[in-house]
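Before any comments, here is the structure.
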2 protein chains.
Amino acid sequence: MSMDHRSGCPINLSLEVFGDRWSLIILRDMIFGGRRHFRELLNGSMEGIASNILADRLKRLMELGMLTKADDPSHKQKAIYSLTEMAITLVPILAHLGAWGRVWLPVSEELSIRAELLEKGGPPLWDKFMDELRHDHLGMPLDTPADATVRATLQAAYEAVVASKALAASPAA
Amino acid sequence: MSMDHRSGCPINLSLEVFGDRWSLIILRDMIFGGRRHFRELLNGSMEGIASNILADRLKRLMELGMLTKADDPSHKQKAIYSLTEMAITLVPILAHLGAWGRVWLPVSEELSIRAELLEKGGPPLWDKFMDELRHDHLGMPLDTPADATVRATLQAAYEAVVASKALAASPAA
DNA sequence: AATACTGATTGCATTTTGCAATCGGTTGCA
DNA sequence: TGCAACCGATTGCAAAATGCAATCAGTATT
């Protein structure tokens, strides 16, 4: 363990983990976007992260114990990244962060629909979602063998907004 | 409003506001440490912020609508900084952040006692504390004219830990 | 009159970030 | 068998952010 911390304050230490412009964006895309591969994260994030920064942050997040890396059996040089429990427990923080941003910042509708659903669902929905993440990333059995996943609900809501936007943009089609 | 945002995602926009190493530390010291003046923030933070960075962040946080500045009547060149409602609503996020850090990071006991109390108090305590902040920074009347403030409780708990540490270090005194 | 404190500002070296191009290896298809 | 597309990165370089020390003019204290 490196001891070069600015202070032992919980908030300061948390900021030292993801108090930069990219770490939490990467985790957001893995948690809510389902991205598991380098290229998915590189091309999938709307913010356009550079490949060297992505590589650096993935390495850093692994060293911090937030991610693990494994070989993808289907592709010899493909790596698959997984969230650890440490990262999965960020879900409530991301939900709060999204809710705060929706109130105070100029968010776009299609990108805030997930935050809205998470806010409305509250802690019970977060717990269910975290359970799904534990299943997908840690191989744990689902507590409740849900017929409809939170993940799918979030994804469907996002696509519905995008579709309605496209329809409104070209009504003559 | 400047439109140079990376994306309209709530989490991204939130990170653009305080996704750096210092902004949230300053807000932490104002919210939980009661700092209102430049020098208090400069010397009071355990992390040792540089004066130019402090000046830059205070200016930035004012432009973002998180802080306001006013003259201190008691001292002609003294400036007093106040939290806006936008900043006060960060309390739940800071509480979650502290709770997460307490679980996963090597926090020091004396610095995490506040996070612990906030965690135990939960949303009701946060609301009471935010009400106190609105009173102190926005001049609003207190909903409940509490005889004991959350602020004082947090401060007393911190001092108790520091005192017990000092006692354990020199038992012969 | 001297000293210390107020909110800053300046100059400069170091570190971090962002961007574009590129790398060696793997895969799928013709 | 050739070859383009894709894989997870790496490199070089410029720009920006950061950290540090010294300094500033105005104000209060002594």
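Residue numbers begin at 1 in each chain, while the letters A, B, ... track the order of the sequences.
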First and last nucleotide of DNA chain D touching chain B, 5' to 3', heavy-atom cut-off 4.0 Å?
D:dT18 to D:dA28

Sequence neighbours left out, what passes side-chain contact (heavy atoms from CB on, under 4.5 Å) with B:Ala50? Give chain and number order.
B:Asn52, B:Ile53

Do B:Thr89 and A:Trp104 pair up side chain to side chain, a donor and an acceptor below 3.5 Å, judged on atom types alone?
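Checked: B:Thr89/A:Trp104 side chains pair up, N/O donor to acceptor below 3.5 Å.
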
Using whole Å, report how far [atom1] of [X] lies from [atom2] of [N].
X	N	atom1	atom2	result
A:Ile53	C:dG18	CD1	C1'	5 Å
B:Arg36	C:dT6	CZ	C1'	17 Å
B:Arg57	C:dA8	CZ	P	15 Å
A:Arg21	C:dC19	CZ	C1'	17 Å
A:Ile25	C:dT17	CD1	P	14 Å
A:Asp56	C:dT16	CG	P	10 Å
A:Asp20	C:dT16	CG	P	12 Å
B:Asp71	C:dT6	CG	P	16 Å

I want to check something: taking the side chain as every heavy atom from C-beta on, are B:Val150 and B:Leu125 in contact at a cut-off of under 4.5 Å?
yes

When you measure from the side-chain N and O atoms of B:Lys69 to the phosphate of C:dA8, is any distance below 4.0 Å, counting only OP1 and OP2?
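The answer is yes; a side-chain N or O of B:Lys69 sits under 4.0 Å from OP1 or OP2.
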
With a 4.0 Å cutoff (strictly under), does any side-chain N or O of B:His37 reach OP1 or OP2 of C:dG7?
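For C:dG7, OP1 or OP2 has a side-chain N or O of B:His37 closer than 4.0 Å.
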
Is the closest basic N to carboxylate O distance between A:Asp71 and A:Lys76 below 4.0 Å?
no

Counting only side-chain heavy atoms from C-beta out, which of C:dA8, C:dT17, C:dC19 sits nearest to A:Ala50?
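The closest nucleotide is C:dC19.
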
Nearest to side-chain heavy atoms of A:Lys76, which nucleotide of C:dG7, C:dG11, C:dT26:
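Given the options C:dG7, C:dG11, C:dT26, the side chain of A:Lys76 is closest to C:dT26.
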
Any N or O donor-acceptor pair under 3.5 Å from the base of C:dG7 to the side chain of B:Gln77?
no

Under 6.0 Å between ring centres, would you say that holds for B:Phe129 and B:Phe32?
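B:Phe129 vs B:Phe32: aromatic centres under 6.0 Å.
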
Comparing A:His75 with A:Asn52, nearest DNA chain D nucleotide closer to 5' gives the residue A:His75

Is there a salt bridge (charged side-chain N to carboxylate O under 4.0 Å, His left out) between A:Arg151 and A:Asp136? Walk through the geometry before answering.
CA-CA 11 Å; A:Arg151 186 180 356 93; A:Asp136 292 345; 2.9 Å; yes

Suppose the criterion is salt bridge (charged side-chain N to carboxylate O under 4.0 Å, His left out): which pairs have a residue in residues 23-47 of chain B, not counting sequence neighbours?
B:Arg28-B:Glu47

